[in-house]
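Before any comments, here is the structure.
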Amino acid sequence: MRYLPQTPEDRQAMLAAIGAGSVDELFIDVPAEVQLDGPIRDLPMHAGEMAVEAHMKALAKRNHAAGDMPFFLGAGAYRHHVPASVDHIIQRGEFLTAYTPYQPEIAQGTLQTLFEFQTQVARLFGVDVANASMYDGSTACWEAIVMARRITKRGKAVLSSGLHPHYVSVCNTMARFTKDHLVYEAPAFDAIGDSEALLDQIDDETSCVVVQYPDILGRISDMSALAEKAHAHKALLIAVVTEPVALGAIKSPGEMDADIVVGEGQSLGVGLQFGGPYVGLFGCKQKYVRQMPGRLCGETVDAEGKRGFVLTLSTREQHIRREKATSNICTNSGLCALAFTAHMTLLGEKGLRELAMLNHKKAVQVADRLNVINGVTLLNDSFFNEFTLILDQDARPIVRRLADQRILAGVSLGRLYPEEEKLAHGLLVAVTETSTDDEVEQLATALESELS
């Protein structure tokens with residue numbers, strides 16, 4: 001508060017207007033046990049610049065890059081090769097320093113980039129229109145549920161058990177404020193998925209059905225029947241894609257009549273980056289475009305008939321009609337969207353399909369190699385580049401011991417679902433074009449040793 005110009009009287013008036021007795025009440029949702037009651041313990045109050053630099057460098061050396069060891073982590077964030085030219089392009093001054101293109105006459109480069117990004121996402125998802133990006137896949141998923149509520153005027157969302165648990169958590173957090181009723185159960189070790197169970201959940205109170213494709217266990221299912229029944233009850237089908245490279249090999253959600261398709265674009269151009277920033281993807285059918293959150297860049301002509309780009313639709317809270325905005329998303333992930341677009345442009349449609357098939361081929365080889373190990377069972381034999389193994393013991397300690405050997409074997413389902421002991425034996429393994437034969441053999445040998 002020290003940098004704000006308000007007087008103590010001003011602050012009291014502001015608190016009174018919102019019904020709070022003190023500034024501390026603004027943090028009432030933060031659990032008391034994690035609130036600080038003073039300065040951070042064991043942290044020096046000050047230090048010289050050189051000392052701080054040396055300390056931070058020492059901390060940084062404790063980190064390991066994904067390429068430093070065999071890497072088979074996935075579960076929504078994937079290691080792919082990003083061409084060096086992508087980084088070169090996004091560091092050009094006209095892109096790196098560009099902010100929001102409020103003035104089209106001086107932001108044509110940014111606007112054209114976002115226009116191309118939208119085109120790529122719409123074609124990838126098989127939908128009519130896409131917006132100019134969002135924060136990440138999880139928040140895009142929630143925005144899709146809220147959008148379905150606006151369209152259908154209903155508050156029941158049916159979430160597939162195959163939806164990423166972190167996405168479910170974000171949706172549950174936000175639903176506390178909108179009072180939406182989210183129907184969800186944790187997944188079971190089923191090679192097929194939960195499509196039949198979802199069909200039974202759809203009724204005249206349902207606003208939408210949310211399905212991840214491929215899902216958190218790597219399973220791929222046809223969503224056509226879900227779309228048909230959802231539409232019969234005037235509900236929407238929302239598809240969530242956390243691995244967009246997969247769409248170079250499998251049918252797009254739009255082809256199966258999904259109404260809204262959202263996802264995470266990290267796989268293309270962005271890199272892992274210690275968990276962010278990432279880029280949310282959002283597309284839908286043309287008839288719902290005015291309910292789509294975020295903003296839309298469009299192509300037009302100027303007074304002289306020359307092609308130009310503008311913000312065509314911007315239903316955000318910081319623009320006009322603030323009280324009727326479709327979203328409180330205040331920005332787009334512009335630089336990450338540019339990286340996505342640059343990578344997609346370099347690949348082209350043919351390159352994306354080749355990359356996807358390379359991922360799938362390698363994943364099949366790894367699954368076949370690991371499936372012959374005693375104590376290992378492959379759950380799903382239909383997958384893209386990620387699959388689930390069922391071990392004959394808890395996967396969590398095995399993953400930790402292999403990490404100590406500098407092998408990142410995958411994501412244990414016990415970590416994703418700590419309350420679901422029935423899933424503790426599950427290990428989610430992701431394989432991309434970056435995985436070498438030698439790394440695969442290191443993983444297999446180490447896993448054989450652990451399970452023997």
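Since the structure is predicted, the reported quantities are computational estimates derived from the model, not experimental observations.
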Task: Which residues share a salt bridge (Lys or Arg N to Asp or Glu O under 4.0 Å) with D394, sequence neighbours left out - done: R396
TODO: May I ask you to say whether E53 pairs ionically with K57, meaning some side-chain N is under 4.0 Å from a carboxylate O?
DONE: no
Task: Flag for S252-E255: side-chain donor and acceptor within less than 3.5 Å - done: yes
Open item on the list: If you define the side chain from C-beta out and look only at heavy atoms, does anything of I407 sit under 4.5 Å from M69?
Closed with: no
TODO: Output yes when a side-chain donor or acceptor of H360 lies under 3.5 Å from a complementary backbone atom of A356, and no otherwise.
DONE: no
TODO: Quick one: do F383 and L217 satisfy side chain to side chain contact (heavy atoms under 4.5 Å, CB included)? Show the steps, please.
DONE: CA-CA 9 Å; F383 53 84; L217 301 185; over 6 Å; no
TODO: Return yes if some donor-acceptor pair links the side-chain N/O of D200 with the main-chain N/O of A197 below 3.5 Å, else return no.
DONE: no
TODO: Check side chain to side chain contact (heavy atoms under 4.5 Å, CB included) between A188 and all other residues, then give those that pass, not counting sequence neighbours.
DONE: none
- [ ] Report the C-alpha distance between L413 and F189 in whole Å, list the side-chain angles of each, state the deciding distance to 0.1 Å, and finish with yes or no for side chain to side chain contact (heavy atoms under 4.5 Å, CB included).
- [x] CA-CA 11 Å; L413 294 184; F189 283 140; 3.6 Å; yes
Task: Contacts of type ring pair (Phe, Tyr, Trp, His ring centres under 6.0 Å), residue Y417, not counting sequence neighbours - done: none
Open item on the list: We want to know whether Y78 and E386 form a side-chain donor-acceptor pair, criterion being a heavy-atom distance below 3.5 angstrom.
Closed with: yes
Open item on the list: Restricting to side chain to side chain contact (heavy atoms under 4.5 Å, CB included), what partner residues turn up for K229, sequence neighbours left out?
Closed with: L199, I202, H233
TODO: Before accepting this row, confirm whether a basic side-chain N of the pair K285/D128 lies closer than 4.0 Å to the acidic partner's carboxylate O.
DONE: no
Task: Partner of E433 under side-chain hydrogen bond (donor to acceptor under 3.5 Å, both in side chains), chosen from K362, H80, H81 - done: H80
Task: Side-chain donor/acceptor of T152 to backbone N/O of R154, under 3.5 Å - done: yes
Open item on the list: So Q118 and C297, do their side chains get closer than 4.5 Å, heavy atoms only?
Closed with: yes
Open item on the list: My understanding is that only residues two or more places apart in sequence, or in another chain, count here; which of them pass salt bridge (Lys or Arg N to Asp or Glu O under 4.0 Å) with D194?
Closed with: none
Open item on the list: We want to know whether N385 and E243 form a side-chain donor-acceptor pair, criterion being a heavy-atom distance below 3.5 angstrom.
Closed with: yes
TODO: Apply salt bridge (Lys or Arg N to Asp or Glu O under 4.0 Å) to R415 and list each qualifying residue two or more places apart in sequence or on a separate chain.
DONE: none
- [ ] Give the C-alpha distance, both sets of side-chain angles, the deciding distance and a yes or no for side chain to side chain contact (heavy atoms under 4.5 Å, CB included) between S224 and M256.
- [x] CA-CA 5 Å; S224 301; M256 289 177 276; 3.6 Å; yes
Open item on the list: Once salt bridge (Lys or Arg N to Asp or Glu O under 4.0 Å) is applied, do any residues pair with R307, and if so which ones, sequence neighbours excluded?
Closed with: E299
Open item on the list: Just to verify, what does V310 make a side chain to side chain contact (heavy atoms under 4.5 Å, CB included) with, not counting sequence neighbours?
Closed with: P104, T300, T312
- [ ] Report yes or no: does D136 contribute a side-chain atom to a donor-acceptor pair with the main-chain N or O of T139 at less than 3.5 Å?
- [x] yes
Open item on the list: Evaluate V241 against V262 for side chain to side chain contact (heavy atoms under 4.5 Å, CB included), listing each step before the verdict.
Closed with: CA-CA 6 Å; V241 179; V262 299; over 6 Å; no
Task: Main-chain N/O of L237 paired to D259 side chain as donor or acceptor, under 3.5 Å - done: yes
- [ ] Taking T432 for its side chain and R79 for its backbone only, find out whether a donor-acceptor pair lies under 3.5 Å.
- [x] yes
Open item on the list: Y167: which residues meet the side chain to side chain donor-acceptor pair (under 3.5 Å) condition with it, sequence neighbours left out?
Closed with: none
TODO: Tell me yes or no: between the side chains of T242 and Q266, is some donor less than 3.5 Å from an acceptor?
DONE: no
Task: Check: F309 main-chain N/O paired with Q108 side-chain donor or acceptor under 3.5 Å - done: yes
Task: Side chain proximity check, V127 to C284, heavy atoms < 4.5 angstrom - done: no
Task: Side-chain donor or acceptor of H181 paired with backbone N/O of G155 under 3.5 Å - done: no
TODO: Classify the side-chain pair N380/S382 by whether it contains a donor and acceptor separated by less than 3.5 Å.
DONE: no
Task: Any pair counted as salt bridge (charged side-chain N to carboxylate O under 4.0 Å, His left out), so long as it reaches residues 201-215, sequence neighbours left out - done: K156-D203, D215-R219
Task: S435 side chain to V431 backbone, donor-acceptor under 3.5 Å - done: no
TODO: Could you list the residues that satisfy side chain to side chain contact (heavy atoms under 4.5 Å, CB included) with V121, not counting sequence neighbours?
DONE: F117, F125, A130, L281, F340
TODO: Return yes if some donor-acceptor pair links the side-chain N/O of E264 with the main-chain N/O of G137 below 3.5 Å, else return no.
DONE: yes
TODO: Scan for salt bridge (charged side-chain N to carboxylate O under 4.0 Å, His left out) pairs involving residues 436-452, sequence neighbours excluded, and state none if there are none.
DONE: R369-E441, R369-E448, R401-E450
